[in-house]
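Start at 1 and go down the list; that is how both ligands and their atoms are numbered. Predicted, not measured: the structure shown is a model, and the values here were computed from it.
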Amino acid sequence: MQTNLTIFASGTGSNAQKIIEYFKAHPSISVGLIVCNNPAAGVLDIARDNNIDTLIIERNRFFQGDAYLPELKDTDIIILAGFLWKIPGALIRAFPDKIINIHPALLPKYGGKGMYGSNVHKAVLENQEKESGITIHLVDEEYDHGRHLFQAKCAVNREDCADRLAQRIHLLEHKHFAKVIEDYVKELQATSLQ
Ligand SMILES: Nc1nc2c(c(=O)[nH]1)N[C@@H](CN(C=O)c1ccc(C(=O)N[C@@H](CCC(=O)O)C(=O)O)cc1)CN2
Ligand SMILES: NCC(=O)N[C@@H]1O[C@H](COP(=O)([O-])[O-])[C@@H](O)[C@H]1O
């Protein structure tokens, strides 16, 4: 049974790169499409370098229109890898428990509207947390609220700045995200065979 992943991203795309690499020669999982809301995003260069189709989306059609469902007809699982728009209900209903997000903090703390990228790390540092980490979770209609699939922790050092903490968080993301996706897909495949 083949599973087709579509990655949604808005920025650099380092997580997308790791996911693409991980599944490049996988027997049953592949990355078929990169969806992006920012024509200048680095993730689009990664897609082109890996001969993966891209779809640039615009706000009105995504939120007030058909959420690009026709273009997602070959998608089995959606992966949010630094995607900065809220996924609308129409897309969540079309992909129930099949949209996975990575968040650069230990939810439920440091999640919700405005909590993305360096905003998250700055909040963690301002609160003098001793540890941070990542949360990989299913996506529902609220920000950062869906069922957790995985969490990993890292230390926060007194001398850390947001960029230094971001680097440490990225290492965790690059180490774990693709494997967590693979394990969840295997769980879905096993369930559908029962
Ligand atoms: N329905 C859902 N959509 C999305 C989720 C989710 O859990 N449920 N996760 C986000 C990713 N994310 C945190 O992990 C996140 C991304 C962006 C924001 C945010 O505040 N965005 C701004 C807009 C920023 C911009 O347009 O540049 C906003 O909504 O005002 C919060 C959390 C992906 N979608
Ligand atoms: N709340 C969402 C959020 O902040 N997501 C974060 O955006 C970054 C994307 O990096 P990348 O473009 O290099 O993969 C990642 O650190 C991811 O956790």
Side-chain angles (χ1 to χ4, degrees), residues 5-22 31 34-47 49-50 52 54 56-60 62-63 67-68 72 77-125 132-154 156 160 162-178 180-181:
L5 307 179
T6 292
I7 298 174
F8 281 48
S10 301
T12 309
S14 71
N15 277 285
Q17 176 70 51
K18 294 296 181 184
I19 293 165
I20 291 164
E21 287 169 3
Y22 188 88
V31 177
I34 302 275
V35 173
C36 186
N37 60 348
N38 171 11
V43 71
L44 296 172
D45 295 325
I46 291 170
D49 292 347
N50 289 276
I52 294 173
T54 60
I56 306 291
I57 60 173
E58 64 89 27
R59 191 179 286 271
N60 286 339
F62 187 63
F63 291 110
Y68 288 90
L72 296 170
I77 306 277
I78 293 174
I79 306 299
L80 308 184
F83 186 67
L84 299 185
W85 288 353
K86 182 175 268 191
I87 301 294
L91 206 48
I92 291 171
R93 286 186 293 276
F95 291 90
D97 288 337
K98 293 185 178 174
I99 305 177
I100 301 171
N101 180 57
I102 191 163
H103 183 74
L106 296 171
L107 294 174
K109 295 178 77 175
Y110 306 107
K113 188 175 174 68
M115 296 310 283
Y116 56 92
S118 59
N119 295 347
V120 176
H121 309 310
K122 287 172 183 170
V124 166
L125 292 168
S132 189
I134 61 171
T135 304
I136 298 168
H137 64 92
L138 296 179
V139 167
D140 64 19
E141 298 207 35
E142 294 179 51
Y143 274 139
D144 306 324
H145 181 259
R147 174 164 73 91
H148 294 182
L149 299 178
F150 178 83
Q151 287 192 312
K153 295 181 180 180
C154 65
V156 178
D160 277 343
D163 285 350
R164 179 59 61 87
L165 180 54
Q167 286 171 2
R168 203 169 302 129
I169 293 286
H170 270 310
L171 290 177
L172 282 181
E173 295 176 332
H174 298 166
K175 178 178 178 183
H176 294 291
F177 198 6
V180 171
I181 293 166

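Listed by chain and residue number, the protein contacts of ligand 1 are R59, L80, F83, L84, W85, K86, I87, I92, N101, I102, H103, G112, K113, G114, M115, Y116, H137, V139, D140, E141, E142, Y143, D144 (heavy atom within 4.0 angstrom).
Counting only distance, with no hydrogens or angles, the side chain of S118 and the backbone of A162 share no donor-acceptor pair below 3.5 Å. Side chain of Q151 to main chain of L107: a donor-acceptor pair is present (N/O by atom type, distance under 3.5 Å, no hydrogens or angles). Remark: the backbone N or O of E58 is paired with a side-chain donor or acceptor of Y68 at under 3.5 angstrom. One N or O on the side chain of D144 and one on the backbone of G112 form a donor-acceptor pair closer than 3.5 Å.
S132 and H121 share no donor-acceptor pair across their side chains, judged by distance under 3.5 Å alone. Side chains of N38 and S10: a donor-acceptor N/O pair is absent below 3.5 angstrom, by distance only.
With sequence neighbours excluded, the residues forming a side-chain contact (heavy atoms from CB on, under 4.5 Å) with D45 are R48, listed by chain and number. Residues passing the side-chain hydrogen bond (donor to acceptor under 3.5 Å, both in side chains) test with D160, sequence neighbours excluded: R168.
Between W85 and F63, a ring centre-to-centre spacing shorter than 6.0 Å is recorded.
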One pair per line, please: each N/O atom of ligand 2 matched with every protein N/O atom under 3.5 Å away, atom names first, then the distance to 0.1 Å.
residue: ligand 2; atom: 1 (N); partner: H103; partner atom: ND1; Å: 3.2
residue: ligand 2; atom: 1 (N); partner: M115; partner atom: O; Å: 3.1
residue: ligand 2; atom: 4 (O); partner: G117; partner atom: N; Å: 2.8
residue: ligand 2; atom: 12 (O); partner: T12; partner atom: N; Å: 3.4
residue: ligand 2; atom: 12 (O); partner: G13; partner atom: N; Å: 2.8
residue: ligand 2; atom: 13 (O); partner: S14; partner atom: N; Å: 3.0
residue: ligand 2; atom: 13 (O); partner: S14; partner atom: OG; Å: 2.5
residue: ligand 2; atom: 14 (O); partner: S14; partner atom: N; Å: 3.4
residue: ligand 2; atom: 14 (O); partner: N15; partner atom: N; Å: 2.9
residue: ligand 2; atom: 14 (O); partner: N15; partner atom: ND2; Å: 3.0
residue: ligand 2; atom: 16 (O); partner: E173; partner atom: OE1; Å: 3.0
residue: ligand 2; atom: 16 (O); partner: E173; partner atom: OE2; Å: 3.0
residue: ligand 2; atom: 18 (O); partner: E173; partner atom: OE2; Å: 2.4

